[in-house]
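Per chain, numbering begins at 1; letters A, B, ... match sequence-line order. Not measured: the values here are computed from a predicted model. Every heavy atom of this structure was used, including side-chain atoms; hydrogens, water molecules and symmetry mates were not.
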Number of protein chains: 2
Amino acid sequence: MNISQAAGETGLPAKTIRYYEEIGLVTPLRDSNGYRAFGEADVHKLTFLARSRALGFSIEDCRTLLGLWEDQSRASSDVRTLAKEHLAQIEAKIEDLQAMRDTLSELVEACVGDDRPDCPILKDLASA
Amino acid sequence: MNISQAAGETGLPAKTIRYYEEIGLVTPLRDSNGYRAFGEADVHKLTFLARSRALGFSIEDCRTLLGLWEDQSRASSDVRTLAKEHLAQIEAKIEDLQAMRDTLSELVEACVGDDRPDCPILKDLASA
DNA sequence: CCTTGACCTTCCAGTGACTGGAACCCTTAT
DNA sequence: ATAAGGGTTCCAGTCACTGGAAGGTCAAGG
């Protein structure tokens with residue numbers, strides 16, 4: 001399977017797949033012409049990566065998860081620990097963003113937004 | 001005022017302030033020894049920047065906001081438009097993260113997390 | 001006067017996870 | 001023979017800093 005087909009199957013851009021090979025997440029074989037030849041296992045890995053990345057895991061986390069996935073004897077608690085840590089980070093980020101959103105939406109509400117130069121948003125930014 | 005004092009007043013790291021000068025957001029004077037000399041206006045600008053960045057505005061947005069702030073004749077609607085666009089982006093990001101959080105917390109719930117190799121999290125990552 | 005330590009300066013490199021683009025090779029069809 | 005549409009590598013850029021090296025400046029203490 002060529003790279004564009006692997007891209008189609010996994011939903012990842014070809015560029016990203018090349019990058020994943022460069023950093024050692026996948027190692028497709030090569031045809032005699034130098035083209036990458038993706039097998040079933042490669043596509044599975046890439047799908048796994050696409051899904052993990054979509055859930056916000058970092059590349060290094062993904063590397064670890066892939067390792068656990070391929071380790072038949074891993075303990076599921078290792079995976080769970082990683083996932084819980086990541087979940088906590090996501091929740092923290094959500095809270096940060098919600099705080100930003102709350103402040104910002106107050107400011108937008110407070111600003112009439114007409115042609116006059118008086119602007120509560122700038123006032124807040126300057127003074128807070 | 002030296003850079004470390006400006007850093008203390010604004011809460012920004014000295015490194016960040018130097019960076020802001022490099023990209024033209026502030027232009028403090030220099031003492032004869034080459035040290036940066038921050039005046040009131042510089043500190044005000046830096047405070048404005050710290051606050052805007054804390055609300056998640058990009059550097060380029062901050063540059064625009066600073067410009068509007070210093071433009072006595074700006075219309076407040078310009079500011080409001082920028083803020084509303086930014087607010088929409090933040091809200092989109094919150095939704096993305098909430099979707100991640102929901103999926104991930106389901107997976108963490110589903111995973112007993114014991115010493116056995118069976119792991120619903122990895123199963124999901126591999127198949128979804 | 002010398003040293004020590006805490007400042008300050010500049011410049012360069014690295015971060016994360018790609019993404020864009022140039023320059024060039026391979027294959028297939030016309 | 002050529003043109004289109006794959007593929008390849010390598011280099012540079014993104015964003016907003018951050019770390020570190022190498023070196024200049026200043027005030028206090030011995």
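B:R30 has its CZ atom 19 Å from the P atom of C:dC7, to the nearest Å. We find that CD of A:E60 is positioned 8 Å from P of C:dA17, with the value rounded to whole Å. In this structure, CD of B:E22 is placed 14 Å from P of C:dA13, rounded to the nearest angstrom. Taking atom CD1 on B:I23 and atom C1' on D:dT14, their separation rounds to 14 Å, with Å as the unit. The distance between atom CD1 of B:I59 and atom C1' of D:dT14, rounded to the nearest whole Å, is 14 Å.
Put simply, the side chain of B:N2 never gets that close to the backbone of B:S4: no donor and acceptor are under 3.5 Å apart.
The listed nucleotides are C:dA17, D:dC10, D:dA16; the one nearest the side chain of A:K15 is D:dC10. With distances taken from any side-chain atom of A:Y19 to the nucleotides C:dA17, D:dT8, C:dC8, the minimum falls on C:dA17. Out of D:dA16, D:dT18, C:dC18, the shortest distance to the side chain of A:Y20 is found at C:dC18. Here the nucleotide nearest the side chain of B:N33, chosen from C:dA17, D:dT9, D:dT25, is D:dT25. In the set C:dA17, D:dA16, D:dG7, the nucleotide with an atom closest to the side chain of A:Y35 is D:dG7.
Using a 4.0 Å cut-off between a side-chain N of Lys or Arg and a carboxylate O of Asp or Glu, B:R36 and B:D42 do not qualify as a salt bridge.
Contact annotation for B:R18: base contact, defined as any heavy-atom pair under 4.0 Å involving a base atom.
The side chain of B:S4 contributes an N or O atom lying less than 4.0 Å from OP1 or OP2 of C:dC8. A:R36 has a side-chain polar atom (N or O) that falls below the 4.0 Å cut-off from OP1 or OP2 of D:dT8.
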